[in-house]
Amino acid sequence: MSEHSEHIVSPKIYVAIFLVLIVGTSLTVWAAFQNFHQFNIVIALGIASVKASLVVLYFMHARYSPKRTQLVIVCAIFWLAIMLALTLADYRTRQPRASGLISPTGVYYA
Amino acid sequence: MSDTPSPRVYEFPDMHYLNSSYRAGIRSWLLTTDHKRIALLYLASVTVFFFIGGVLATMIRIHLLTPGGALVTPETYNKLFTMHGVAMIFFFLIPSIPAILGNFLIPIMIGAKDLAFPKINLLSWYIYIVGGCFVLYSFSTGGLDTGWTFYTPLSSIYSNSAVTPAVIGIFINGFSSILTGLNFIVTIHTMRAPGMTWFRLPLFVWSHYATSLVMILGTPVVAITLLLAGLERMFHLGFFNPSMGGDPILFQHLFWFYSHPAVYIMILPAMGVISEIIPTFARKPIFGYTFIAASSIAIAVIGFLVWAHHMFVTGESTYAALAFSFLSYLVAIPSAIKVFNWTSTLYKGSISWDPPMIYALGFIGLFTIGGLTGLFLACLGLDIHIHDTYFVIAHFHYIMVGGAVMGYVGGLHFWWPKITGRLYPKALSRFAAIVLFIGFNLTFFPQFILGYLGMPRRYHSYPPEFQVLNVLSTAGASILALGYLLPMCYLTWSMRYGKVAGPNPWPATGLEWKTDSPPPTENFHVTPVVDWEPYDFRNRPDLGLVAGGAPLAPAHGDD
Amino acid sequence: MQSQLPLYPEQASNFAPPIDALMIFITSICVFFAAGITIAIVYFFFKYRRKTPDDVGIVTREDSRLEAAWIVVPMILAMVMFSWGAVVYVDYRHTPSDTLDIYVVGKQWMWKVQQPNGLKEINELHVPVGRNIRLILASEDVIHDFFIPAFRVKMDVIPGNNHYNTMWFRPTKPGRYHFFCSQYCGTNHAIMGGWVTVMEPTDYAAWLSGSGAGGANPVVAGEKLFAEKACVTCHLANGTGRAPSLNGLYGAQVLLAGGTTVTADEAYIRESILQPNAKIVARYEPLMPSYQGQLTEEQILALTAYIKSLQSQPVPVQGAGVAPAGGGETAPATEKR
Amino acid sequence: MHRTGELYGQFQTLDQQKESATLGMWIFLVTEVLFFGGMFLTYTINRHEYFTAFGISSNTLDIKLGTINTGVLIMSSLTMAMAVWSAQVGKKQLVTGFLIATLALGTVFLGIKVVEYKQKFDHHLIPGRSFDVWYRVDHPTATDDPKEIANEREELHKATLTDPDIQSHGQLYFSLYFAMTGLHALHMIVGAGLLLWLIKESLRGRFTPQYNTPVENIGLYWHFVDIVWIYLFPLLYLIDRHR
Ligand code: HEA
Ligand code: HEA
Ligand code: CUA
Ligand SMILES: [Cu+2]
């Protein structure tokens with residue numbers, strides 16, 4: 001219960017992380033103006049996730065935290081993933097609409 | 001009779017949590033940070049909501065006596081069942097066992113002086129009260145007629161009732177749940193007394209750990225969901241609004257992401273109560289401790305994977321429906337494990353017929369029926385027919401009233417001597433348990449048949465061919481009401497006139513029974529050290545049951 | 001035939017037998033478990049009842065084979081239930097290609113049905129026996145659900161133009177069956193129902209082309225008008241609408257706002273339609289628009305014929321247009337239900 | 001609240017107390033993840049369905065202000081981290097300084113947010129009756145570059161061809177925009193309140209290498225709010241920018 005001889009992260013690391021975050025921000029803005037087609041979203045979220053991980057690992061000291069704290073973080077991500085994945089699973093596998101039907105309320109579905 | 005004896009006459013302790021406080025009078029209650037007193041605050045307020053919900057239920061049943069509806073207008077009827085559902089679920093059953101018995105017992109059971117965050121604990125109660133006030137405000141000004149599920153766009157656009165305050169109230173109340181769960185988890189992690197290892201924790205604590213997981217992981221989602229629906233209503237924003245192209249089914253996904261796991265918030269604590277009562281009154285270690293503990297966690301985790309089984313006929317994708325049905329069957333297995341282990345615990349026990357045990361056995365029977373009918377609903381083909389009929393109503397009342405409320409009342413009977421220091425009349429409470437059991441079955445069993453015959457739920461009038469079964473159900477409900485009235489009376493009576501209980505009247509093995517009844521403010525006079533296995537009666541000479549106390553058998557079979 | 005207390009609704013579609021079979025199968029498994037557990041509990045309860053006050057139970061050995069057994073056996077049974085249910089469900093969700101398509105629109109609180117040839121019905125659905133029928137479901141406001149117990153089928157009706165559901169079934173038995181709205185949709189959810197009429201294909205064809213009983217019959221024409229001219233939106237059958245229920249009206253005494261009564265004969269009904277404000281029914285607002293000039297004489301006759309036909313319908317306790325009999329509280333025709 | 005490093009009655013040791021507080025904070029953050037998660041899910045589904053409308057609407061946001069705000073927030077995270085470090089190494093003045101810097105940056109963020117909201121209001125982009133995606137191109141102000149406006153009109157026309165009901169679907173986007181940034185801003189405001197309290201305490205020299213749990217935990221909260229923004233920024237501002 002008393003495992004923490006507190007790890008003190010040096011300001012150098014903080015500043016380095018900060019710089020990386022700023023670079024990441026610039027990168028994502030730059031990328032937004034390029035067209036990578038279906039990868040646009042992947043790149044944007046990829047960069048965001050790297051940035052977020054850096055914040056969690058260094059600014060929030062998760063890298064140096066006890067296992068239990070790390071488990072808590074993993075749980076959060078895991079449950080968020082459950083929610084997103086299973087809901088999207090429904091949306092992505094809905095039967096394609098029968099085409100050529102006129103809706104009873106009068107709108108045409110292609 | 002071979003009931004638990006109370007051969008000794010006990011003195012009521014001089015100083016205990018009820019009378020020792022540096023503040024006086026009502027302030028000593030409203031500003032208390034003592035988990036035991038907060039538990040009693042919850043007891044009082046939760047009872048108010050149970051009463052409200054119960055009166056509404058009674059009106060529902062009276063109205064349904066005749067096919068055309070005997071009592072109220074359709075609008076009012078819709079408000080009745082909505083407010084009944086909201087009061088019962090969000091303000092009675094979800095906080096009932098965790099916030100009352102859990103709050104009172106968890107610190108004592110693990111040998112701590114209090115929860116990790118006593119002030120946050122009090123805050124939870126105030127949040128609950130504020131949320132409750134909003135909801136009561138909604139009930140009394142225009143009522144609420146959306147169904148407890150708040151499906152959009154009915155709730156967000158079409159309903160004319162006071163949806164906004166109700167949604168705000170439930171949103172606020174969510175934080176009470178979250179903070180309680182947070183408090184429990186931290187407490188169980190960091191505050192255990194020396195020797196109280198994870199596998200010496202009472203199963204009640206395990207089940208509350210699982211419950212707390214659901215509370216912290218699920219509740220935020222319902223909070224944001226209702227908030228979005230509320231914003232849609234208040235500011236004409238659009239999230240689910242079909243006229244802006246939004247998808248009302250998305251609301252259901254988000255709602256059930258919480259509300260299915262929430263049913264386990266309601267049942268897991270009751271399972272914890274039963275896991276305490278059974279070994280105590282069978283006087284032997286619970287069968288399959290590790291399996292029961294692990295199944296609690298399994299229920300909490302798998303319970304998050306099944307939510308769309310409430311949506312089989314919304315037009316969700318067939319593949320998703322298959323997955324969710326499969327997972328629903330999977331989540332039934334841990335419950336099965338518990339039921340079988342409880343039953344096996346009785347084998348070769350020394351079973352007393354004390355009132356808590358009667359409640360516990362009622363629980364097992366009714367929960368099993370309720371749970372098994374969950375299997376009907378989880379069955380894709382069958383759910384097409386019985387979805388949103390009275391079959392569903394019967395299913396969840398069997399689990400929630402027959403299971404969870406039975407467990408709650410049983411738990412109150414079990415720990416009442418600890419909470420108040422006094423005993424209640426045993427014969428009367430045994431009688432009440434039996435009245436409850438009979439009344440309950442008469443109320444809700446006919447509803448299974450009604451449902452299969454095709455009577456949809458939330459109907460203020462129904463075709464005449466359904467009348468006979470509805471009348472039976474109403475008759476049962478009046479017996480049921482009597483069954484609840486009795487404990488309310490004699491438990492209140494016993495607070496003052498009951499026999500003094502002594503520290504361990506049953507006797508039971510948990511740490512909570514090693515301190516005074518009622519316990520002192522700091523729970524224990526000296527911090528306890530745990531050197532025994534849970535539910536071990538043989539190696540506990542302090543219980544006064546076995547002379548000598550030589551170990552006769554390993555406490556836990558071969559695990 | 002159905003007994004006084006039936007356990008299941010009539011079986012009138014291709015889905016009824018498999019779903020009932022599924023029901024019986026799951027019920028037997030569950031009864032087996034529930035009975036087993038109950039018997040065990042009750043038996044132990046008596047057998048091991050505490051003999052002396054300080055008696056202690058015998059510690060039984062835990063057996064992981066036992067635990068495994070009661071994990072695996074229910075698991076297997078559960079998988080059987082799942083698979084069987086899945087088969088039925090997949091069948092239900094997978095519409096065959098040769099269906100007869102009927103459009104169904106739900107709105108608070110009525111069902112509008114449109115047959116393939118454009119014929120419209122309100123709260124009625126006519127289908128031929130033996131054909132695969134597909135209902136295409138849409139909602140104008142909130143979520144509803146189209147539920148036919150005798151067919152064992154239901155499907156939600158979702159508002160929004162990007163989302164509509166279909167359901168299919170094959171009626172197997174001519175007759176008239178209830179259908180309900182089974183997704184809660186507001187005040188009159190409970191009366192948002194009607195009847196499915198399953199007909200022999202030839203009858204259905206005749207009915208569709210209007211040469212059968214339907215077309216010439218003024219009552220049927222009146223019923224259609226009653227819907228088309230929006231009378232139904234106010235005159236709900238159960239009396240909860242803004243206007244009195246017209247059930248049992250013809251020939252009854254109507255209590256007017258002034259306290260006088262009038263006999264509801266043809267002339268009164270005609271006047272009520274053309275000059276609604278001439279006589280106002282007690283407890284009601286003068287809301288009704290005049291239909292003067294909007295209805296042909298023939299249509300008025302048809303409406304009158306329809307209203308007369310409602311004489312045999314149950315009169316709601318509250319909200320009927322008819323005066324209380326002899327000053328009592330209940331309407332005279334209540335007993336007819 | 002309480003005196004420096006005081007041991008509360010329910011705990012046995014200071015270590016236990018600190019451990020509990022930190023665990024509690026992390027668990028609270030878990031609930032926050034799921035809280036925002038619900039909105040992210042709603043966003044994902046709607047964006048998937050109405051990509052065109054979301055792209056058009058996203059392009060109306062001011063990317064300069066958005067980027068600056070992202071920088072400001074990251075900066076504030078750095079100063080917050082530094083405040084924790086200063087407390088850990090016992091530099092009491094620095095603690096206060098960094099906390100004040102954090103608060104200042106947070107306020108700048110909120111200020112910029114207000115400017116952005118005001119813009120949306122002026123352009124009739126608040127969901128409701130007056131919502132009009134065409135408003136800006138129909139009512140250009142003197143400061144607007146006519147070429148840009150013409151461009152935008154062109155884009156809107158094109159979008160309307162793929163999504164005739166862009167007026168409705170644009171409202172979905174802006175509903176989400178206001179809900180998500182609004183709740184984020186609310187968290188910032190709460191954070192600012194907590195910072196004020198921290199500053200007050202640190203002025204009294206409360207935070208020492210032995211006792212700095214509040215700084216650390218409120219820091220955790222602040223970083224979390226930063227992370228939410230790190231996702232909000234690309235999701236709301238950067239859809240379909242390339243044209
Ligand atoms: C405390 C509350 C609670 C609990 C614990 C449960 C437990 C379960 N519920 Fe229930 N349920 C509700 C409360 C609850 N439910 C409510 C409130 C609704 C309606 C909401 C609304 O629409 O208003 C509902 C609705 C509901 C539906 C949707 C019905 C519909 O609307 O169409 C479904 C469908 O799958 C379902 C399934 C289950 C299952 C499989 C379990 C399982 O967890 C049950 C597991 C238990 C057992 C199986 C019994 C013990 C086991 C044995 C004795 C061994 C034998 C076992 C096997 C052979 C497998 N429930
Ligand atoms: C914890 C949850 C809980 C509990 C305990 C109950 C308890 C009861 N419920 Fe309910 N119920 C729900 C949760 C619960 N219910 C939910 C979620 C719904 C769905 C709502 C919706 O569709 O939106 C529902 C819906 C519901 C319906 C269906 C309505 C409809 O769909 O049209 C019915 C009908 O019979 C019903 C009946 C009852 C009865 C008779 C009790 C009885 O057990 C109550 C007995 C208790 C008392 C009577 C109070 C205590 C007694 C006294 C204090 C004595 C003195 C009082 C009197 C004599 C009046 N409930
Ligand atoms: Cu329409 Cu219920
Ligand atoms: Cu469920």
Side-chain angles (χ1 to χ4, degrees), chain B residues 2 5 68 74-75 147 151 153-154 158 242 248 282-285 288 291 313-315 318 322 325-326 329 332-333 336 339-340 343 346-352 361 365 368-369 372 375-376 379-382 384-385 388 449 452-454 456 458-461 464 537 545-546 553 557-559, chain C residues 7-9 19 22-23 26 30 34 37-38 40-41 44-45 48-51 53-62 67 70-71 74-75 78 81-82 85-86 88-90 92-93 141-143 149 152-156 159-160 165 180 182-190 240 316-317 337:
Chain B
S2 42
E75 283 92 350
Y151 277 7
L154 180 65
Y158 287 87
R283 289 244 177 101
K284 68 189 275 266
F291 284 90
V313 298
T314 53
T318 311
L322 289 171
S325 168
F326 176 82
Y329 278 109
I333 302 303
V339 170
F340 292 132
T343 312
L346 299 178
Y347 177 65
K348 294 198 178 169
S350 162
I351 299 173
S352 92
L361 297 176
T368 302
I369 297 179
L372 290 171
L375 303 176
F376 292 64
C379 176
L380 285 166
L382 208 46
I384 303 170
H385 178 55
D388 264 352
I449 303 170
Y452 202 72
L453 285 175
R458 298 166 169 173
Y459 260 32
H460 61 76
S461 65
F537 288 86
L545 294 174
V546 189
D558 54 7
D559 74 341
Chain C
L7 292 178
Y8 55 89
I19 288 181
L22 200 51
M23 176 76 180
I26 300 186
C30 290
I37 288 164
T38 314
I41 291 179
F44 292 157
F45 215 48
Y48 301 115
R49 186 162 183 200
R50 189 173 295 163
K51 308 289 176 331
D54 53 4
D55 195 11
V56 174
I58 294 169
V59 179
T60 42
R61 195 158 262 292
E62 287 191 10
E67 299 277 358
W70 63 48
I71 293 174
M75 191 67 210
M81 294 184 225
F82 161 72
V88 177
Y89 183 79
V90 168
Y92 174 62
R93 292 299 299 279
D141 35 48
V142 300
I143 304 178
R152 313 287 189 280
V153 289
K154 70 159 66 74
M155 187 55 93
D156 277 5
N165 285 328
F180 299 113
S182 95
Q183 178 61 265
Y184 175 63
C185 54
T187 310
N188 281 319
H189 162 62
T240 56
V317 179
R337 68 179 75 232

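Remember, predicted model here, so these are calculated numbers, not experimental data. Keep in mind that the numbers below use all heavy atoms, side chains included, and drop hydrogens, waters and symmetry copies. Lettering follows sequence order; numbering is per chain, from 1.
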Point to revise | Nearest atoms (heavy-atom pairs only) where B/Pro285 meets C/Val59 | key: CD-CG2, 3.8 Å

Study note, to complete from the structure: Residues B/Gly454 and C/Phe180: closest non-hydrogen pair is O-CE1, 3.4 Å

Exercise for review: Under 4.5 Å heavy-atom distance to chain C, tell me which part of B/Thr343 shows up: side chain, backbone, both or neither.
Suggested key: both

Check your understanding: Where do B/Thr314 and C/Asn165 come nearest, in terms of heavy atoms and distance?
Key -> O-ND2, 3.0 Å

Exercise for review: Sort out for me which of B/Val313, B/Leu322, B/Ile333 touches chain C most, counting heavy-atom pairs under 4.5 Å.
Suggested key: B/Val313

**Study point:** Minimal non-hydrogen separation, C/Val56 against B/Ser350, with atom names
**Key:** C-CB, 3.8 Å

**Study point:** Shortest non-hydrogen separation from B/Leu375 to C/Met81 and the atoms involved
**Key:** CD1-CE, 4.0 Å

**Study point:** Minimum side-chain heavy-atom gap B/Tyr452-C/Pro149 below 4.5 Å
**Key:** no

Practice item. Starting at NZ of C/Lys154, measure out to CG of B/Asp388 and round the result to the nearest 0.5 Å. Key: 6.5 Å

Revision key, fill the gap. Rounding to 0.5 Å, atoms CG (C/Leu22) and CD1 (B/Ile384) come to a distance of 9.0 Å

Point to revise | Under 4.5 Å from a heavy atom of chain B, the part of C/Thr187 involved | key: both

Check your understanding: Is the closest side-chain heavy-atom distance between B/Ser325 and C/Tyr89 below 4.5 Å?
Key -> no

Check your understanding: Considering all heavy atoms of both residues, which atom of B/Phe340 and which atom of C/Pro74 are nearest to each other, and what is their separation?
Key -> CE1-CG, 3.9 Å

Check your understanding: Looking at OG1 of B/Thr368 and CD1 of C/Ile37, how far apart are the two atoms once the value is rounded to the nearest 0.5 Å?
Key -> 4.5 Å

Point to revise | Heavy-atom contact with chain C under 4.5 Å, split by part of B/Phe291 | key: side chain

Point to revise | Winner by heavy-atom pair count (cut-off under 4.5 Å) against chain B, out of C/Ala34, C/Ala40, C/Gly85 | key: C/Gly85

**Study point:** Structural part of C/Phe45 lying under 4.5 Å from a heavy atom of chain B
**Key:** both

Point to revise | Among the listed options B/Ile369, B/Val339, B/Ile449, B/Leu382, the residue most often paired with chain C at heavy-atom distances under 4.5 Å | key: B/Leu382

Point to revise | Ring centres under 6.0 angstrom apart (B/Phe326, C/Phe82) | key: yes

Exercise for review: List the steps, then state whether ring-ring contact (aromatic ring centres under 6.0 Å, His included) holds for B/Tyr347 with C/Phe44.
Suggested key: CA-CA 6 Å; B/Tyr347 177 65; C/Phe44 292 157; 5.8 Å; yes

Review point. When rounded to the nearest 0.5 angstrom, what is the spacing between CG in B/Leu372 and CD1 in C/Ile26?
Key: 10.5 Å

Exercise for review: For chain B, find which of C/Val88, C/Ile58, C/Thr38 contributes the most heavy-atom pairs closer than 4.5 angstrom.
Suggested key: C/Ile58

Study note, to complete from the structure: Under 4.5 Å to a heavy atom of chain C? For B/Leu346 that would be both

Review point. Under a 4.5 Å heavy-atom cut-off, does chain B meet the side chain of C/Cys185, its backbone, both or neither?
Key: backbone

Check your understanding: What distance separates B/Ile351 CD1 from C/Asp55 CG, expressed to the nearest 0.5 Å?
Key -> 11.0 Å

**Study point:** Part of B/Ala332 lying under 4.5 Å from any heavy atom of chain C
**Key:** neither

**Study point:** Spacing of CZ belonging to B/Arg458 relative to NE2 belonging to C/His189, to within rounding of 0.5 Å
**Key:** 7.5 Å

Check your understanding: Mind checking what makes side-chain hydrogen bond (donor to acceptor under 3.5 Å, both in side chains) contact with B/Lys284, not counting sequence neighbours?
Key -> C/Thr60

Practice item. Could you look at B/Tyr158 and say if it's the side chain, the backbone, both or neither that has a heavy atom under 4.5 Å from chain C? Key: side chain

